Amino acid sequence: MATKKEELNELLEKRQYWWWAEKARSPRVDYLRKAIWSKAAKGAAYLPGTKIGGYGPILMAEVFDSPEAKIEPYILTWAKAQAKVCEELPVFIVDHSRIVGNAASAPHKIFWSPNHCYQQNQDLFNDRDDLVDDKEKDAVEKALEILKPYTQQSLTERILSNRQMIMCRTSQTFTGGPHLEGSFYCTSQFEYYKKGYNAIIEEIDGHLAEANEALYKVGAKPDWDSESYYLGQNPVSRVDNWRSMKIALEGDISYSKRLARLARIIAENFEADPVRKQELVDIGERCEWVPANRPRTFAEVLQFEHTQTMCRKRERSDCAWPTHIDWWFWEWYEKDVIKEKNIDRDDAIDYMAEYLMRAYEYGNTRDRAYRELLTGDPGPFVWALGGQRPDGGSGYSDLTNVVLEAARLIRVTSPTYALRYNKDMPKDVLRNAFECIRHGLGYPNFRDDQTLIKANMFWSGNSQEEARTWSAQACVVPCADTKEGCMPHRYSSSTTLGSKCVELALWNGWNPVFSMQIGPKTGEAASLKTYEEFEDAVMEQWRVMHWEAAKVRQIARVIEGVMGRPHLSATREVCIEEGLNALQYLERGNNWITTFIWMDGLDAMVAVKKLIYEEKKYTMEQLMTFLKADWEGYEKERLEFVRAPKWGNDDDYADDVIVGMMERCRDEVALPCQCWGTGANGIPQVPQNIAAYTVCGALLGALPNGRRLGDTCYDGGCSPGAGQDKKGPTAVLRSVGKMTHENMFRANLLNQRLSPSQLAGEKGFELFDAYIRAWSDLGINHVQFNMVDNETLLAAQKQPEDYAELTVRVAGYSAAFTGLNKKTQDTIIARTVQEI
Amino acid sequence: MADQYEGQKWFFPFSDDEERGDLVERVIDARCAYWTSKPVTKDDLAPDVKIGAATE
């Protein structure tokens, strides 16, 4: 009979990594992995059994409906509402768990943050899947009515123009808008708040005591500078900011103490197993101690950060989840595992696995469109690992390995990891990262650290030391996490649909998909006599798109500043020190605009240059005839456009056109923008796609790269089209390497698919090592890999129940393959498998 | 473990105010088993709720 080790090796040899994970993980981790209610959506629908909790709207409406709320600043009311939720939301502890707490009230529920977008509230309330429990419906409906005027959408639409509102709501050239989408981004300053909340509250009390002295001391000399410093509304006074921050922190502490009490009640009254009873006592002690105080142990720091994040995510869901846990938690790991040996390494992996699963089980409220854009993933949460330390030293450790080893055992789709690659990265870390990819997880993605450090310095004006602290603020954008290195809250999203600018230039500003004139009239296609005139028309359409999205953001930012973010502000040193809320601090701007479906249009421009203006095989009139017919009846001609030079083949003809466009986009559109009065350089693009490359196919009509309305778009931000990269992976890297990744865009995304059989065994690792070195030499900021063969993917389509933990990289995030809709599954199967 | 408590509801008063406390319940759903609690006042309790000892 085979031993467990032999059995595990056999599964690895058969590349059945999901079965390997199930058998290799501890019974506790196995139970907890299967216990998770994933909050991912399939297509646009939450998975069966998922519910949206009513406590958020009901409890917050009580506070917003109070007499005080009518006269006090928004941020103060919001802080009180958050504290009420912390005090009254049901808490729960799942069997076998050791890290506890959740943004929601039950494992299958999602916490509902109701003051963002009233349209989204209506969408969730009326969802055909009955997302709201029947017994809560009346109370929730009433609460949503109360909260509607307090939503960011209501407040923002009051100051937008009709055109801006139409463009936001119809997503013709950019998606949603900050007041509709709610994909916010923040950056954590763990190095500050790790001191514990009581220490921060003490600092706030100190500032409030000084304010009292200046404002209310009997007999004090009037001093306008001092009085206005504390009470000036810009747009919120320092005193109100501090008060709201203190309320938020106290709310978290009381939430944690409630968890501690529940753990003690179970231990004292119900638990018969002495081992579990002790675990519950330990949970109680931890939750009593953190987040109020500085963590003392490895388990405590995991609990601390988890509680902090869950409470912050009730304030705003924050589309991404910026962390750097192998740096942050190292001192506790080193003490407990390496120096004092209070826990062994296997137990540390179990703790880490549970910590990652607690993150995975979190889910946020999204409208149908956004669920579809992130189909298959409750995230994306992209956590940074490793990298160069601020002093230039190497920032990798055994904790980096522990995270990657835990990730292979639990195989969740979020968090995923941005591995900051430097050539001096220890081989064991590289090997662990490679094993994750070989296990088919699609992560970590590789980020060239030196390129991105320079990008931070160029775009955000960071010092080199600051720039080296970066974590991923979203899927791909790096952001320093020091006291003054970033804006604590960046923005809520609005994302341009890049290739639309090419379509609009061909149609003289007319959007043929919506039948609306939305772009400037840059001339009928036939009137554009040279390629340069055509390119100028595209640039003009692009300028209007990018700037309009930026303008909506700038306007929405004013409202966000009034609303503030009490919890996030309370965890940022500069906010505590200066009495500013997270939206008011602007020193280091990190604004960018994500660009979906970008490369299709650029390949289309190459084909126009080649076939129309240079070879003169067709006229613009003929091209427009083809496009108006959506290529129907013109398949021979379409294939000629498909065969024109394409990006990703190290073909200078195509690459020069595309790189030239990227330069113009930076110089003529991105750099002239101003980012909220910060010291940042312009408002750059971030070409990447999540699942927009499938969803947005319906918004983009026929183009001269051969696409038809509804066709799936290119999947990355600088990836070639599926099947268009015909000269191997190195040619792809050479094309992509012609872009200047330090300053042409804020970041970019490259998907590649590698052959699992070629990369088998030790030789496979050596090949991969050499490939990654070549990638880094070209200064490419990002690359991520799928390494699952088509045989497995096709088998999973046929028998999804056997492949529940089969994971793939979509674009910017990973997803359970069987959780994707058929169209997205097919696009992943269609990607070119590269032989290195 | 503890499945004999499924469906039962217990009230654990706060030690400093026995009119208020936590309603504690054992739940077993389709994927996992867990304990849950929410704050309540004693006056609002249903008759079938068992009363536990006052707890810190």
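Bear in mind that the values here come from a model prediction, so they are computed numbers and not experimental data. Residue numbers start from 1 in every chain, and the chains themselves are labelled A, B, ... in the order their sequence lines are given, proteins ahead of strands.
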Problem set entry | Full working for side-chain contact (heavy atoms from CB on, under 4.5 Å) between B:Arg26 and A:Asp95 | CA-CA 10 Å; B:Arg26 173 80 175 159; A:Asp95 288 5; 2.8 Å; yes
For this session: Please report the C-alpha distance between A:Trp37 and B:Asp29 in whole Å, then the side-chain angles of each, then the deciding distance to 0.1 Å, and finally whether the side-chain contact (heavy atoms from CB on, under 4.5 Å) criterion is met.
Result: CA-CA 10 Å; A:Trp37 286 83; B:Asp29 70 21; 3.0 Å; yes
For this session: Begin from the C-alpha positions of A:Asn269 and B:Phe12 and carry the test side-chain contact (heavy atoms from CB on, under 4.5 Å) through to its verdict.
Result: CA-CA 10 Å; A:Asn269 298 279; B:Phe12 289 93; 3.4 Å; yes
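Atom NZ of A:Lys34 has more than 12 neighbouring heavy atoms from other residues, nucleotides or ligands inside a 6.0 Å radius. In the displayed structure, A:Lys23 atom NZ is contacted under 6.0 Å by at most 12 heavy atoms of other residues, nucleotides or ligands. In this structure, A:Lys84 places its NZ atom where more than 12 heavy-atom neighbours from other residues, nucleotides or ligands lie under 6.0 Å away.
Separating the OH atom in B:Tyr34 from the CD1 atom in A:Ile266 is a distance of 12.5 Å, to the nearest 0.5 Å. Atom NE2 of A:His108 and atom SG of B:Cys32 lie 9.5 Å apart (nearest 0.5 Å). To the nearest 0.5 Å, the span separating CZ on A:Arg261 from CZ on B:Phe14 amounts to 4.5 Å.
Your options are B:Ala30, B:Gly52, B:Pro39, and the one with the most heavy-atom pairs under 4.5 Å with chain A is B:Pro39.
Looking only at side-chain heavy atoms (C-beta outward), B:Val24 and A:Phe270 come within less than 4.5 Å of each other. Within the 4.5 Å cutoff, the side chain of B:Val27 has no heavy atoms near those of the A:Phe92 side chain.
Closest non-hydrogen pair, B:Thr36 versus A:Pro90, comes out as OG1-CB, 4.0 Å. The shortest non-hydrogen separation linking B:Thr55 to A:Ile265 is CG2-CG1, 3.9 Å. Between A:Ile36 and B:Arg31, the shortest heavy-atom distance links the atoms O-NE, 2.6 Å.
Heavy-atom distances place the side chain of A:Glu268, and not its backbone, under 4.5 Å from chain B. Proximity to chain B (any heavy atom under 4.5 Å) is shown, for A:Leu32, by neither the backbone nor the side chain.
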